[in-house]
Structures are given as C-alpha cells and as structure tokens.
Amino acid sequence: RGFTEAELTLSGLASQGSRGVYDRFRGRLVWPIRDITGATVGFGARKLDEDDQGPKYLNTPETPLDKKSQVLYGIDLAKKDIARSKQVVIVEGYTDVMAAHLAGVPTAVATCGTAFGADHARVVRRLLGDGSDPTAGLLLAGGTRGGEVIFTFDGDAAGQKAALRAFGEDQRFSAQTFVAVGPQGLDPCDLRLQRGDQAVRDLVAAREPLFAFVIRAALASGDL
C-alpha cells in the first residue's frame, strides 16, 4: 500500500524486533477501535493459539492517533443512544460491548486496555449533556440528576479494585454513578452466552449506587 516500515511501527500495527519489523497482531483476532467520529484509530487483538506466549489481549500502543485515555470502544455506535437515554454502561472488554449491544443495551462502551480515567469521564460527560456545574444536570424521570453512569465489573478482587478506582472519578459527574456485578461474577459476554439477552438487560436494571458498593467493600476488608 506504499506505507513505510517507520509509519507501520508508528501506527502500532508493527513492532521492531531483533530480526526486523514484524506484524504485532499476527495470529490474532483483531477489533478495529474507532473514535467518536467513526475513524479507526487503533486495534485490539485476542490471541487464538494457546501456545502464543503473548498476553491474552494485545492493544495498539499509544500513538499520535490512538490516545488511550480518551478512546472508548463502541462510542461511535453508542453515542446517539447515550445522548438520547442519558445513560452510559461502562464494560470491561470488546466482547462485552458486542454482547451488550446485541442484547439490547446499546449504550455500552469499554476502555481500551487502560483504566477508566478523567479524560474518559470528560468524553462521557459531553455525551450525557453533563455540565461542569454539578447542580446543572438534567433532572430526568425517576429523579436521576444528570443521567446515569453504570460500571459493570467482575465480582473478583480485580473488579472491586476497578470499582474503587471508578469511585475516585465519581465527583467528575453530575450524573449518578452505579455499579452492576454479574451473577457468579459473569461478565456481560459470558452472561449472554449462558443465560441469554434478558440476563444482560437484567444485569443493568439491577444496578446499585456505586457508593453503596464501595462502602460494602470497605466494611468487608476490616474486622468489625
């Protein structure tokens, strides 16, 4: 196609090895990662061969196009539903986004190999119409001010750690923040495969306030 090895390496599609430039995603299932306009800015890839010594998921590194702290997988497909429903569901992986959308939760997005942070929060706030003044959020049906940000996490220790990190970003929203943990710690993808579309919708519907989840986790960590 006329691209130089330097350009392929800079884009994150190729890596420099001891024997020259090689395909970073060889032998992997690849997802294109698009920004909010629908332009492809990077890729995520899952290994297919268990003999592959690399990580289960491999993402494009930070590049001039792919700013991980600002990119949410699925945002190009979810943005209209997020703006319309004033709800965003943050899941953990690419297949979780796919499963949620297929199950009738079109507001699902995921971070791309990094923790949900301040820049992600700014992207979400813009879509929710969430002003910088915490008192200026929209008062929606049911009394939810500024809409809803729902985090789904695995029920394991890593999931709890992720929830605590998300709680650190909580004050960036005038939206209310919630957490939804799947039964037996199932993520949305496995939940859909095992129990069907309705189970994914029920997972989101059964959300609880993030602060309540964090308080429970804190109490469980101490001897009362």
Side-chain angles (χ1 to χ4, degrees), residues 1-49 52-84 87-102 105-130 132 149 151-153 162 165-166 168-169 172-173 175 187-189:
R1 296 285 181 112
F3 292 102
T4 65
E5 287 189 347
E7 287 168 335
L8 290 173
T9 304
L10 184 63
S11 73
L13 286 170
S15 294
Q16 182 69 48
S18 57
R19 290 181 292 181
V21 171
Y22 66 91
D23 174 12
R24 175 186 293 272
F25 300 125
R26 65 200 181 284
R28 288 174 174 263
L29 177 65
V30 180
W31 282 262
I33 297 168
R34 301 185 178 99
D35 65 15
I36 199 165
T37 70
T40 299
V41 295
F43 298 90
R46 188 196 191 284
K47 71 177 180 181
L48 297 176
D49 185 353
D52 186 334
Q53 297 302 304
K56 182 177 178 181
Y57 281 94
L58 189 61
N59 298 289
T60 334
E62 188 90 359
T63 72
L65 288 177
D66 187 4
K67 305 297 184 188
K68 290 184 180 302
S69 64
Q70 300 170 20
V71 175
L72 289 163
Y73 177 72
I75 195 75
D76 55 315
L77 300 176
K79 60 185 178 184
K80 287 183 181 176
D81 287 289
I82 292 171
R84 181 166 57 241
Q87 178 195 80
V88 60
V89 179
I90 313 290
V91 299
E92 293 197 304
Y94 308 125
T95 56
D96 294 325
V97 172
M98 296 165 69
H101 282 242
L102 289 168
V105 183
T107 57
V109 297
T111 58
C112 300
T114 185
F116 188 88
D119 288 335
H120 295 125
R122 277 192 280 274
V123 172
V124 169
R125 282 179 52 179
R126 281 199 298 269
L127 287 175
L128 290 172
D130 183 349
S132 58
V149 179
F151 294 93
T152 66
F153 298 114
R165 272 200 310 268
E169 300 295 333
R172 298 184 185 276
F173 299 105
D187 59 35
C189 182

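In this chain, residues are counted from 1 in sequence order. Worth saying up front: this structure is predicted, and the values here are computed from it rather than measured.
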**Request:** List the steps and the verdict of side chain to side chain contact (heavy atoms under 4.5 Å, CB included) for Val123 and Val109.
**Result:** CA-CA 11 Å; Val123 172; Val109 297; over 6 Å; no
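- With values rounded to the nearest 0.5 angstrom, Thr107 atom OG1 is found 11.0 Å from Leu127 atom CG.
- Residues Ala100 and Ala108 approach most closely at CB-CB, 3.5 Å, considering heavy atoms.
- Side chains of His120 and Thr114 form a contact here, defined as non-hydrogen atoms less than 4.5 Å apart.
- The OG1 atom of Thr63 sits 8.0 Å away from atom NZ of Lys68, with the distance rounded to the nearest 0.5 Å.
- Leu65 places none of its side-chain heavy atoms less than 4.5 Å from the side chain of Thr60.
- Using a 4.0 Å cut-off between charged nitrogen and carboxylate oxygen, Lys67 and Asp119 do not count as a salt-bridge pair.
- Around CD of Glu5, the count of heavy atoms belonging to other residues, nucleotides or ligands within 6.0 Å does not exceed 12.
- Residues Phe116 and Ile90 come closest through the heavy atom pair CE1-CD1, 3.7 Å.
- Residues Pro188 and Ala99 share a closest heavy-atom pair of O-CB, 3.8 Å.
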**Request:** Give the intermediate values and the outcome of side chain to side chain contact (heavy atoms under 4.5 Å, CB included) for residues Glu92 and Asp187.
**Result:** CA-CA 8 Å; Glu92 293 197 304; Asp187 59 35; 5.7 Å; no
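- Leu77 contributes atom CG, which lies 10.0 Å from atom CD1 of Ile82 (distance to the nearest 0.5 angstrom).
- Looking at Val71 and Asp66, their side chains come closer than 4.5 Å, going by heavy atoms from C-beta outward.
- Taking all atoms of both residues into account, the shortest heavy-atom contact from Ala45 to Val30 is CB-CG2, 4.0 Å.
- Side-chain N/O atoms of Asp96 and Tyr73 include no donor and acceptor closer than 3.5 Å.
- Nearest heavy-atom pair across Pro61 and Gly12 is CD-CA, 3.8 Å.
- Considering every non-hydrogen atom in both Val97 and Gly74, the closest pair reads CG1-CA, 4.3 Å.
- Note: Tyr57 and Trp31 have tilted aromatic rings, judged against thresholds of 30 and 60 degrees for the angle between ring planes.
- Two residues are said to be in side-chain contact when any heavy atoms from C-beta on lie closer than 4.5 Å; Val124 and Leu72 meet this criterion.
- With a 4.5 Å cut-off on side-chain heavy atoms, Ile33 and Thr40 do not count as touching.
- With respect to Asp52, the salt bridge (charged side-chain N to carboxylate O under 4.0 Å, His left out) criterion is satisfied by exactly one of Arg46, Arg26, Arg28, Lys47: Arg28.
- Here the straight-line distance linking atom CG of Leu13 with atom OH of Tyr22 works out to 13.0 Å at 0.5 Å rounding.
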